[in-house]
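Take a look at the structure set out below.
We're numbering straight along the sequence, starting at 1. The figures that follow rest on heavy atoms only: side chains count, while hydrogens, waters and symmetry mates do not.
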Amino acid sequence: MLLGIDHLVIACADPDAAARELEERIGLRAGDGGQHDVLGTFNRLVWLGDTYLELIGLFDRSLAEQSWVGAPTARALDGGGGLATWAVASDAIATDVDRLRTGGSTLGDVRSGERVRPDGRVVRWTLAVPPTLDRGDPPFLIEHDPAGAEWSPSDRAQRATQVHPLGGPVRIETLEIAVDDPGAVGLRVLRTVGVGPFRPSLAGHGARDAAIGRQTIRYRRGAEPALDPVTIHLVVSSVPLRPREVEAIGCRFTIRGE
(Lines give C-alpha, C1' and ligand atoms only; values in the text may rest on other atoms or scores of the structure.)
Protein backbone atom coordinates (compact mmCIF):
# COMPACT_ATOMS: atom_id res chain seq x y z
CA MET A 1 0.00 0.00 0.00
CA LEU A 2 1.18 3.54 -0.74
CA LEU A 3 1.62 5.52 2.49
CA GLY A 4 2.60 9.07 1.53
CA ILE A 5 5.57 11.13 0.43
CA ASP A 6 8.66 9.31 1.63
CA HIS A 7 11.27 11.93 0.82
CA LEU A 8 12.31 14.73 -1.48
CA VAL A 9 15.71 14.43 -3.18
CA ILE A 10 17.14 17.96 -3.16
CA ALA A 11 20.39 18.44 -5.09
CA CYS A 12 22.94 20.55 -3.21
CA ALA A 13 26.49 21.45 -4.18
CA ASP A 14 27.39 21.16 -0.48
CA PRO A 15 24.87 19.29 1.70
CA ASP A 16 26.52 20.52 4.91
CA ALA A 17 26.20 24.14 3.80
CA ALA A 18 22.60 23.48 2.74
CA ALA A 19 21.86 22.06 6.20
CA ARG A 20 23.22 25.24 7.81
CA GLU A 21 21.14 27.39 5.46
CA LEU A 22 17.94 25.52 6.31
CA GLU A 23 18.52 25.92 10.03
CA GLU A 24 19.46 29.58 9.81
CA ARG A 25 16.78 30.72 7.37
CA ILE A 26 13.85 28.41 8.16
CA GLY A 27 14.49 26.68 11.48
CA LEU A 28 14.79 23.10 10.23
CA ARG A 29 17.60 21.09 11.79
CA ALA A 30 19.34 18.37 9.76
CA GLY A 31 20.66 15.17 11.23
CA ASP A 32 23.42 12.96 9.94
CA GLY A 33 23.40 11.20 6.61
CA GLY A 34 25.93 9.00 4.90
CA GLN A 35 27.47 7.97 1.62
CA HIS A 36 26.09 5.81 -1.20
CA ASP A 37 29.38 4.21 -2.22
CA VAL A 38 28.11 2.65 -5.46
CA LEU A 39 26.03 5.67 -6.51
CA GLY A 40 28.59 8.46 -6.22
CA THR A 41 26.39 10.47 -3.83
CA PHE A 42 26.28 11.47 -0.15
CA ASN A 43 23.64 13.20 1.94
CA ARG A 44 22.30 14.90 5.06
CA LEU A 45 18.72 14.24 6.18
CA VAL A 46 16.11 16.60 7.60
CA TRP A 47 13.46 14.50 9.31
CA LEU A 48 9.85 15.70 9.22
CA GLY A 49 8.17 12.76 10.90
CA ASP A 50 8.50 9.77 8.57
CA THR A 51 8.98 12.10 5.59
CA TYR A 52 12.36 13.71 5.08
CA LEU A 53 14.35 16.09 2.94
CA GLU A 54 17.41 14.40 1.47
CA LEU A 55 20.11 17.01 0.90
CA ILE A 56 22.16 15.14 -1.66
CA GLY A 57 25.51 15.93 -3.23
CA LEU A 58 28.09 14.22 -5.42
CA PHE A 59 31.45 12.85 -4.27
CA ASP A 60 32.21 11.19 -7.63
CA ARG A 61 30.44 12.82 -10.57
CA SER A 62 31.47 10.22 -13.16
CA LEU A 63 30.10 7.43 -10.95
CA ALA A 64 26.98 9.43 -10.09
CA GLU A 65 26.12 10.11 -13.73
CA GLN A 66 25.81 6.34 -14.25
CA SER A 67 23.58 5.76 -11.23
CA TRP A 68 19.82 5.98 -10.94
CA VAL A 69 19.81 8.81 -8.35
CA GLY A 70 23.14 10.40 -9.20
CA ALA A 71 22.10 11.24 -12.77
CA PRO A 72 19.04 13.37 -11.87
CA THR A 73 21.06 14.93 -9.04
CA ALA A 74 23.82 15.95 -11.47
CA ARG A 75 21.25 17.42 -13.88
CA ALA A 76 19.59 19.38 -11.09
CA LEU A 77 22.96 20.72 -9.91
CA ASP A 78 23.74 21.84 -13.45
CA GLY A 79 20.53 23.87 -13.28
CA GLY A 80 21.45 25.47 -9.96
CA GLY A 81 20.21 22.79 -7.54
CA GLY A 82 16.81 22.11 -6.03
CA LEU A 83 14.44 19.17 -6.36
CA ALA A 84 15.93 16.35 -8.43
CA THR A 85 13.20 13.74 -7.83
CA TRP A 86 11.01 12.43 -5.02
CA ALA A 87 9.82 9.16 -3.54
CA VAL A 88 6.56 7.56 -2.45
CA ALA A 89 6.61 5.24 0.58
CA SER A 90 5.23 1.71 0.30
CA ASP A 91 4.77 -0.97 2.96
CA ALA A 92 4.57 -3.80 0.39
CA ILE A 93 6.62 -2.72 -2.60
CA ALA A 94 6.76 -6.05 -4.43
CA THR A 95 2.97 -6.33 -4.34
CA ASP A 96 2.54 -2.69 -5.36
CA VAL A 97 4.92 -3.02 -8.31
CA ASP A 98 3.24 -6.21 -9.56
CA ARG A 99 -0.16 -4.52 -9.37
CA LEU A 100 1.01 -1.37 -11.11
CA ARG A 101 2.81 -3.26 -13.89
CA THR A 102 -0.35 -5.24 -14.55
CA GLY A 103 -2.01 -1.88 -15.18
CA GLY A 104 0.71 -0.73 -17.59
CA SER A 105 3.28 0.88 -15.29
CA THR A 106 6.84 1.18 -16.57
CA LEU A 107 8.42 0.81 -13.12
CA GLY A 108 11.63 -1.22 -13.16
CA ASP A 109 12.38 -4.28 -11.06
CA VAL A 110 12.49 -4.04 -7.29
CA ARG A 111 16.10 -3.64 -6.14
CA SER A 112 17.83 -3.24 -2.80
CA GLY A 113 20.07 -0.48 -1.52
CA GLU A 114 21.87 0.60 1.60
CA ARG A 115 23.75 3.49 3.19
CA VAL A 116 26.34 3.33 5.94
CA ARG A 117 25.91 6.00 8.60
CA PRO A 118 28.86 7.76 10.26
CA ASP A 119 28.21 5.62 13.37
CA GLY A 120 28.61 2.45 11.30
CA ARG A 121 24.95 1.42 11.37
CA VAL A 122 23.46 0.44 8.02
CA VAL A 123 20.20 1.79 6.58
CA ARG A 124 18.55 -0.63 4.12
CA TRP A 125 15.69 -0.31 1.67
CA THR A 126 14.13 -1.70 -1.51
CA LEU A 127 12.93 0.49 -4.36
CA ALA A 128 11.51 0.51 -7.87
CA VAL A 129 12.40 3.28 -10.31
CA PRO A 130 10.66 4.48 -13.51
CA PRO A 131 12.69 4.77 -16.75
CA THR A 132 13.51 8.45 -16.18
CA LEU A 133 13.73 10.56 -13.07
CA ASP A 134 13.42 14.33 -12.95
CA ARG A 135 11.31 16.82 -11.01
CA GLY A 136 8.57 16.66 -13.65
CA ASP A 137 8.71 12.86 -14.02
CA PRO A 138 6.82 10.32 -11.91
CA PRO A 139 8.53 9.54 -8.58
CA PHE A 140 10.01 6.23 -7.49
CA LEU A 141 8.69 3.82 -4.86
CA ILE A 142 10.63 2.85 -1.74
CA GLU A 143 10.13 0.51 1.22
CA HIS A 144 12.40 0.80 4.26
CA ASP A 145 13.73 -2.13 6.28
CA PRO A 146 12.55 -1.81 9.91
CA ALA A 147 15.38 -4.14 10.99
CA GLY A 148 17.95 -1.61 9.80
CA ALA A 149 18.91 1.77 11.18
CA GLU A 150 16.44 4.68 11.25
CA TRP A 151 13.23 2.70 10.67
CA SER A 152 12.71 0.70 13.86
CA PRO A 153 9.54 1.46 15.87
CA SER A 154 11.62 3.35 18.44
CA ASP A 155 13.34 5.46 15.76
CA ARG A 156 9.99 6.38 14.24
CA ALA A 157 8.40 7.19 17.61
CA GLN A 158 11.32 9.44 18.52
CA ARG A 159 11.18 11.54 15.38
CA ALA A 160 7.36 11.82 15.48
CA THR A 161 7.84 14.24 18.37
CA GLN A 162 11.07 15.87 17.20
CA VAL A 163 11.02 19.61 17.86
CA HIS A 164 12.80 21.73 15.26
CA PRO A 165 14.10 25.24 16.00
CA LEU A 166 10.88 26.45 14.34
CA GLY A 167 9.24 25.56 17.64
CA GLY A 168 7.58 22.14 17.20
CA PRO A 169 7.25 19.00 15.10
CA VAL A 170 7.08 19.81 11.38
CA ARG A 171 5.36 17.96 8.56
CA ILE A 172 5.04 18.42 4.81
CA GLU A 173 1.47 19.28 3.88
CA THR A 174 1.83 19.78 0.11
CA LEU A 175 4.52 19.34 -2.54
CA GLU A 176 3.86 21.73 -5.43
CA ILE A 177 5.72 21.33 -8.74
CA ALA A 178 5.50 23.55 -11.83
CA VAL A 179 5.16 21.62 -15.11
CA ASP A 180 4.15 22.34 -18.70
CA ASP A 181 0.91 20.34 -18.58
CA PRO A 182 -0.45 19.44 -15.10
CA GLY A 183 -3.17 17.17 -16.49
CA ALA A 184 -0.79 15.10 -18.61
CA VAL A 185 1.79 14.82 -15.83
CA GLY A 186 -0.89 13.74 -13.36
CA LEU A 187 -2.00 10.95 -15.69
CA ARG A 188 1.61 9.73 -16.03
CA VAL A 189 2.04 9.71 -12.26
CA LEU A 190 -1.22 7.79 -11.78
CA ARG A 191 -0.28 5.21 -14.40
CA THR A 192 3.32 4.80 -13.19
CA VAL A 193 3.09 4.78 -9.39
CA GLY A 194 -0.64 4.79 -8.64
CA VAL A 195 -0.83 8.26 -7.06
CA GLY A 196 -4.08 9.96 -8.05
CA PRO A 197 -6.42 10.56 -9.67
CA PHE A 198 -5.53 14.24 -9.88
CA ARG A 199 -8.43 16.67 -9.61
CA PRO A 200 -8.75 20.43 -10.18
CA SER A 201 -7.05 22.24 -7.31
CA LEU A 202 -8.57 24.94 -5.16
CA ALA A 203 -5.34 26.81 -5.94
CA GLY A 204 -6.83 27.46 -9.40
CA HIS A 205 -4.94 28.43 -12.56
CA GLY A 206 -5.16 24.90 -13.96
CA ALA A 207 -3.41 23.24 -11.01
CA ARG A 208 -4.22 19.59 -10.24
CA ASP A 209 -4.12 17.93 -6.80
CA ALA A 210 -3.96 14.35 -5.58
CA ALA A 211 -3.98 13.14 -1.99
CA ILE A 212 -1.52 10.56 -0.73
CA GLY A 213 -1.78 9.72 2.95
CA ARG A 214 -2.05 13.02 4.84
CA GLN A 215 -0.26 14.90 2.07
CA THR A 216 -1.09 16.51 -1.25
CA ILE A 217 0.82 16.44 -4.53
CA ARG A 218 0.09 19.49 -6.66
CA TYR A 219 1.13 20.09 -10.26
CA ARG A 220 0.63 23.62 -11.52
CA ARG A 221 1.34 25.24 -14.84
CA GLY A 222 4.64 27.12 -15.07
CA ALA A 223 5.82 29.46 -17.81
CA GLU A 224 9.38 28.11 -17.44
CA PRO A 225 9.03 25.02 -15.22
CA ALA A 226 12.76 24.25 -15.09
CA LEU A 227 13.43 27.71 -13.60
CA ASP A 228 10.47 27.69 -11.21
CA PRO A 229 11.43 26.38 -7.74
CA VAL A 230 9.23 23.68 -6.27
CA THR A 231 7.15 24.84 -3.32
CA ILE A 232 7.21 22.77 -0.14
CA HIS A 233 4.32 23.67 2.17
CA LEU A 234 5.22 23.01 5.83
CA VAL A 235 3.00 22.88 8.90
CA VAL A 236 4.37 23.29 12.44
CA SER A 237 2.30 21.55 15.10
CA SER A 238 1.01 23.42 18.16
CA VAL A 239 2.81 26.66 17.28
CA PRO A 240 0.88 29.86 16.37
CA LEU A 241 3.17 31.02 13.56
CA ARG A 242 2.28 33.76 11.11
CA PRO A 243 2.38 32.29 7.58
CA ARG A 244 5.55 33.17 5.72
CA GLU A 245 7.44 32.21 2.58
CA VAL A 246 11.19 31.66 2.29
CA GLU A 247 13.42 30.60 -0.59
CA ALA A 248 16.35 28.37 0.34
CA ILE A 249 18.44 25.53 -1.14
CA GLY A 250 16.83 26.02 -4.55
CA CYS A 251 13.28 25.54 -3.21
CA ARG A 252 10.43 27.74 -1.99
CA PHE A 253 9.06 26.98 1.47
CA THR A 254 5.79 28.17 2.96
CA ILE A 255 5.43 27.78 6.71
CA ARG A 256 2.34 28.00 8.87
CA GLY A 257 1.36 26.88 12.35
CA GLU A 258 -1.61 24.79 13.40
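Between Arg135 and Asp228, no side-chain nitrogen of the basic residue sits less than 4.0 Å from a carboxylate oxygen of the acidic one, so the salt-bridge criterion is not met. A salt bridge is defined here as a Lys NZ or Arg NE, NH1 or NH2 lying under 4.0 Å from an Asp or Glu carboxylate O, and Asp32 with Arg117 fails to meet this definition.
Under the ring pair (Phe, Tyr, Trp, His ring centres under 6.0 Å) criterion, Phe253 pairs with no residue at all, not counting sequence neighbours. Evaluation of the salt bridge (charged side-chain N to carboxylate O under 4.0 Å, His left out) rule for Arg199 yields no partner, not counting sequence neighbours. Arg121 meets the salt bridge (charged side-chain N to carboxylate O under 4.0 Å, His left out) test with no other residue; sequence neighbours excluded. Evaluation of the salt bridge (charged side-chain N to carboxylate O under 4.0 Å, His left out) rule for Arg208 yields no partner, not counting sequence neighbours. Under the salt bridge (charged side-chain N to carboxylate O under 4.0 Å, His left out) criterion, Arg75 pairs with no residue, sequence neighbours left out.
Val235 and Ile5 sit in two unconnected hydrophobic clusters of ILVMFWY residues. Membership requires side-chain heavy atoms under 4.5 Å apart, directly or through other members. By the rule that hydrophobic residues join a cluster once side-chain heavy atoms approach within less than 4.5 Å of another member, Leu100 and Val195 end up as members of one cluster. Residues Val129 and Leu141 fall into different hydrophobic clusters, defined by Ile, Leu, Val, Met, Phe, Trp and Tyr side chains chained together at heavy-atom separations under 4.5 Å. At a threshold of 4.5 Å between side-chain heavy atoms, the hydrophobic network of Ile, Leu, Val, Met, Phe, Trp and Tyr places Tyr52 and Val170 in two separate groups. Cluster membership check: Phe198 shares its hydrophobic cluster with Val179, using side-chain heavy-atom separations under 4.5 Å among Ile, Leu, Val, Met, Phe, Trp and Tyr.
Interatomic distance, Ser238 OG to Glu258 CD, rounded to the nearest 0.5 Å: 7.0 Å. Here the straight-line distance linking atom CD of Gln215 with atom CG of Leu48 works out to 9.5 Å at 0.5 Å rounding. To the nearest 0.5 angstrom, Leu175 atom CG is 5.0 Å from Ile217 atom CD1. We find the CD-CD distance between Glu21 and Glu247 to be 10.5 Å, quoted to the nearest 0.5 Å. To the nearest 0.5 Å, atom CZ of residue Arg101 and atom CG of residue Asp96 are 12.5 Å apart. The CZ atom of Arg115 lies 11.5 Å from the CG atom of Leu39; values are rounded to the nearest 0.5 Å.
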Please lay out, stage by stage, how Arg61 and Asp78 fare under the test salt bridge (Lys or Arg N to Asp or Glu O under 4.0 Å). CA-CA 12 Å; Arg61 186 177 180 107; Asp78 289 343; 2.8 Å; yes
For side chain to side chain contact (heavy atoms under 4.5 Å, CB included), just list the numbers for Ile255 and Leu166, CA-CA rounded to whole Å, side-chain angles, deciding distance to a tenth of an Å, and then say yes or no. CA-CA 9 Å; Ile255 303 113; Leu166 264 172; 4.2 Å; yes
Using side chain to side chain contact (heavy atoms under 4.5 Å, CB included), reason through Ile142 and Trp125 one step at a time and then give a plain yes or no. CA-CA 7 Å; Ile142 188 167; Trp125 60 82; 3.9 Å; yes
Could you go step by step and tell me if Ile212 and Leu3 meet the side chain to side chain contact (heavy atoms under 4.5 Å, CB included) rule? CA-CA 7 Å; Ile212 176 170; Leu3 305 175; over 6 Å; no
Applying salt bridge (Lys or Arg N to Asp or Glu O under 4.0 Å) to Asp180 and Arg221, what does each step give before you reach the verdict? CA-CA 6 Å; Asp180 290 321; Arg221 195 176 303 279; over 6 Å; no
Check step by step if side chain to side chain contact (heavy atoms under 4.5 Å, CB included) holds for Thr231 and Thr254. CA-CA 7 Å; Thr231 301; Thr254 70; 3.9 Å; yes
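Put simply, the side chain of Ile56 does not reach to within 4.5 Å of the side chain of Ile10, judged on heavy atoms. The closest side-chain heavy-atom distance from His233 to Ile172 is not below 4.5 Å. Residues Glu173 and Arg256 are in side-chain contact: their nearest non-hydrogen atoms beyond the backbone lie under 4.5 Å apart. The closest side-chain heavy-atom distance from Leu63 to Val38 is not below 4.5 Å. Inter-residue side-chain proximity for Leu53 and Leu45 is flagged as unmet; no heavy-atom pair is nearer than 4.5 Å.
With hydrogens and angles disregarded, a donor-acceptor distance shorter than 3.5 Å links the side chain of Asp14 to the backbone of Asp16. Checking side-chain atoms of Arg220 against main-chain N and O of Ile177 turns up no donor-acceptor pair under 3.5 Å. Using a distance-only test at 3.5 Å, with no hydrogens or angles considered, a donor-acceptor pair links the side chain of Glu143 to the main chain of Ile93. Counting only distance, with no hydrogens or angles, the side chain of Arg159 and the backbone of Glu150 share a donor-acceptor pair below 3.5 Å. Asp181 places a side-chain N or O within 3.5 Å of a backbone atom of Ala184 that can act as its donor or acceptor partner. Between the side chain of Ser105 and the backbone N or O of Leu107 there is at least one donor-acceptor pair closer than 3.5 Å. No side-chain donor-acceptor contact under 3.5 Å links Thr192 to the backbone of Val189.
The local environment of CZ in Arg244 is crowded, with over 12 non-hydrogen atoms from other residues, nucleotides or ligands closer than 6.0 Å.
Side chains of Arg218 and Ser201: a donor on one and an acceptor on the other come within 3.5 Å. Defined by atom type and a distance below 3.5 Å, a donor-acceptor pair is present between the side-chain atoms of Asp155 and Ser152. Inspection of the Asp209 and Thr216 side chains reveals no N or O donor paired with an N or O acceptor under 3.5 Å. If you check the side chains of Asn43 and Thr41, you find no donor sitting under 3.5 Å from an acceptor.
Among residues at least two apart or in separate chains, ring-ring contact (aromatic ring centres under 6.0 Å, His included) pairs with a member in residues 131-150 are His7-Phe140, Trp68-Phe140, His144-Trp151.
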